[in-house]
Amino acid sequence: MKRFVQVFLLCFIAFLTPTAIAHAENGVGISDNRNGTITIKYGNSNKTKIAITVKKNGDNTQYNYFIQEKNVNAIIPMTLGNGTYTISVLKNIEGNRYSPLSSKQVSLKLKDYKSSYLTSNEMIKWNKKNAAIKKANTIAKKYKGQMNKIKGIYKYLVTTYHYDYNKFSKNSNGSLNYYLPNINTTYKTKKGICYDISALTASMLRSIGVQTKMITGYPANKYFDGKSYHAWNKLYSKDKKKWLIIDVTCDMCLYEQKTKFSKLTMLKKSSEYSNVKYEY
């Protein structure tokens with residue numbers, strides 16, 4: 001767990017159905033699902049970039065997603081709360097050169113924007129038929145109260161899963177240029193790097209009604225130097241009415257190194273996880 005590596009992502013055919021195709025241009029369909037996500041429909045086989053830009057407090061923040069599959073329905077999250085998002089779809093010409101195909105502005109006006117963190121999307125793909133989701137619901141049924149359900153799933157992940165050092169090594173060497181975490185694979189193999197584990201955590205918690213974010217950035221504590229790229233989770237506590245931080249990968253590794261589960265602290269200090277790069 002010396003350092004973690006940022007990866008680019010592939011799009012996939014998602015299971016959600018958009019409300020309607022709201023915009024179509026150059027073979028690209030952009031639709032607002034009205035739940036904090038949009039669907040991009042595109043049938044071209046060339047690498048495509050989806051750029052999502054939102055202006056907050058006078059600053060523009062841009063998220064980029066990459067498509068490399070034919071006939072894709074990509075579910076893209078709008079992760080920065082209510083506001084006006086500019087959605088741009090660009091076609092790869094060569095190398096890092098792109099030309100615009102379609103662009104649309106979408107206004108997000110959810111009564112509770114946190115509800116978007118219950119959905120399945122490009123980053124966090126899940127449905128009720130997934131074995132991992134069935135497991136999450138089985139665990140949750142054993143407990144009463146939101147926080148006890150969260151602790152039950154947290155304990156299961158920390159004490160059951162392992163860090164995939166081989167995958168980390170390959171990724172560090174550039175062998176894995178693009179990949180999308182698959183919760184079915186992670187659940188079956190019981191291992192992964194921080195990106196896999198945080199995606200699985202978010203999926204399992206969302207499936208039991210806990211609004212959960214997957215965060216990437218640069219933690220700074222006794223385990224991280226503030227320069228290593230990492231992924232963790234934030235979940236919204238209905239009782240405390242605030243976002244709480246958990247880092248399953250970190251605690252999973254500590255448990256692997258023979259730290260007793262009772263010695264682990266599930267909720268992390270926000271000051272040690274304040275350097276956030278992206279929220280999904």
Side-chain angles (χ1 to χ4, degrees), residues 4-17 33 35-37 39 65-69 72-77 79 116-141 149-168 170-171 176 178-216 230-236 246-253 255-256 266 278-280:
F4 294 84
V5 180
Q6 181 180 16
V7 296
F8 291 106
L9 309 168
L10 287 175
C11 286
F12 59 93
I13 298 178
F15 74 95
L16 291 179
T17 301
N33 299 316
N35 64 357
T37 69
T39 295
Y65 300 84
F66 295 86
I67 299 175
Q68 285 189 320
E69 296 179 2
V72 168
N73 289 355
I75 307 296
I76 306 295
T79 57
S116 63
Y117 295 106
L118 294 173
T119 63
S120 173
N121 58 51
E122 172 63 18
M123 303 294 298
I124 301 163
K125 181 185 179 183
W126 63 273
N127 64 56
K128 293 181 179 180
K129 294 181 180 180
N130 297 139
I133 301 309
K134 291 179 180 179
K135 181 67 175 181
N137 283 266
T138 298
I139 294 171
K141 288 177 182 178
K149 294 177 186 292
I150 292 167
K151 288 179 180 178
I153 291 175
Y154 163 81
K155 182 176 182 179
Y156 162 74
L157 291 168
V158 167
T159 60
T160 307
Y161 288 75
H162 306 279
Y163 193 80
D164 191 341
Y165 292 97
N166 184 52
K167 185 174 186 178
F168 169 76
K170 288 181 179 179
N171 199 30
L176 297 175
Y178 299 95
Y179 92 102
L180 177 73
N182 184 312
I183 70 166
N184 294 322
T185 301
T186 307
Y187 179 79
K188 182 178 180 179
T189 61
K190 298 295 185 288
K191 62 182 180 180
I193 61 174
C194 60
Y195 183 49
D196 305 300
I197 300 301
S198 58
L200 177 62
T201 301
S203 298
M204 294 180 78
L205 291 178
R206 288 184 182 192
S207 75
I208 65 165
V210 179
Q211 296 152 338
T212 308
K213 300 179 182 180
M214 181 170 70
I215 309 293
T216 62
H230 184 45
W232 63 93
N233 297 99
K234 276 187 177 181
L235 55 92
Y236 188 77
I246 63 172
D247 188 344
V248 172
T249 306
C250 179
D251 292 347
M252 177 184 78
C253 290
Y255 185 78
E256 275 191 304
M266 182 178 78
Y278 296 113
E279 296 185 358
Y280 300 99

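Quick note: residue numbers are just sequence positions, from 1.
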Has the side chain of [X] got a donor or acceptor atom that lies under 3.5 Å from a matching backbone atom of [Y]?
| X | Y | answer |
| --- | --- | --- |
| T212 | V210 | yes |
| N233 | K213 | yes |
| S198 | M214 | no |
| S120 | W126 | yes |

Any side-chain heavy atom of [X] sitting closer than 4.5 Å to one from [Y]?
| X | Y | result |
| --- | --- | --- |
| Y117 | E279 | yes |
| Y280 | T216 | yes |
| L205 | I246 | yes |
| T249 | H230 | yes |

Would K191 and N166 count as a side chain to side chain contact (heavy atoms under 4.5 Å, CB included) here? Give the steps.
CA-CA 10 Å; K191 62 182 180 180; N166 184 52; over 6 Å; no
Distance, nearest 0.5 Å, that separates [atom1] of [X] from [atom2] of [Y]:
| X | Y | atom1 | atom2 | value |
| --- | --- | --- | --- | --- |
| L200 | T185 | CG | OG1 | 11.0 Å |
| N182 | K125 | CG | NZ | 7.0 Å |
| K188 | I183 | NZ | CD1 | 14.5 Å |
| I76 | M123 | CD1 | CE | 9.5 Å |
| D196 | D164 | CG | CG | 7.5 Å |
| L235 | R206 | CG | CZ | 11.5 Å |

So which heavy atom on [X] is nearest to which on [Y], and how close?
| X | Y | result |
| --- | --- | --- |
| Y154 | D251 | OH-OD2, 2.5 Å |
| I124 | S203 | CG2-OG, 3.1 Å |
| N121 | P77 | ND2-CB, 3.6 Å |
| A231 | C194 | N-SG, 3.5 Å |

For residues 131-141, tabulate all N or O donor-acceptor pairs below 3.5 Å that involve a side-chain atom, not counting sequence neighbours.
residue, atom, partner, partner atom, Å
N137, ND2, I133, O, 2.8
T138, OG1, K134, O, 2.9

Given the rule in the side chain to side chain contact (heavy atoms under 4.5 Å, CB included) test, do I193 and Y163 qualify, once you have shown the distances and angles that lead to the verdict?
CA-CA 6 Å; I193 61 174; Y163 193 80; 3.8 Å; yes
Quick one: side-chain hydrogen bond (donor to acceptor under 3.5 Å, both in side chains) partners of N130, sequence neighbours excluded?
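Per chain and number, N130 pairs via side-chain hydrogen bond (donor to acceptor under 3.5 Å, both in side chains) with N184.
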With sequence neighbours excluded, residues passing side-chain contact (heavy atoms from CB on, under 4.5 Å) with K190:
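Only Y156, T160, Y161, Y187 meet the side-chain contact (heavy atoms from CB on, under 4.5 Å) criterion with K190.
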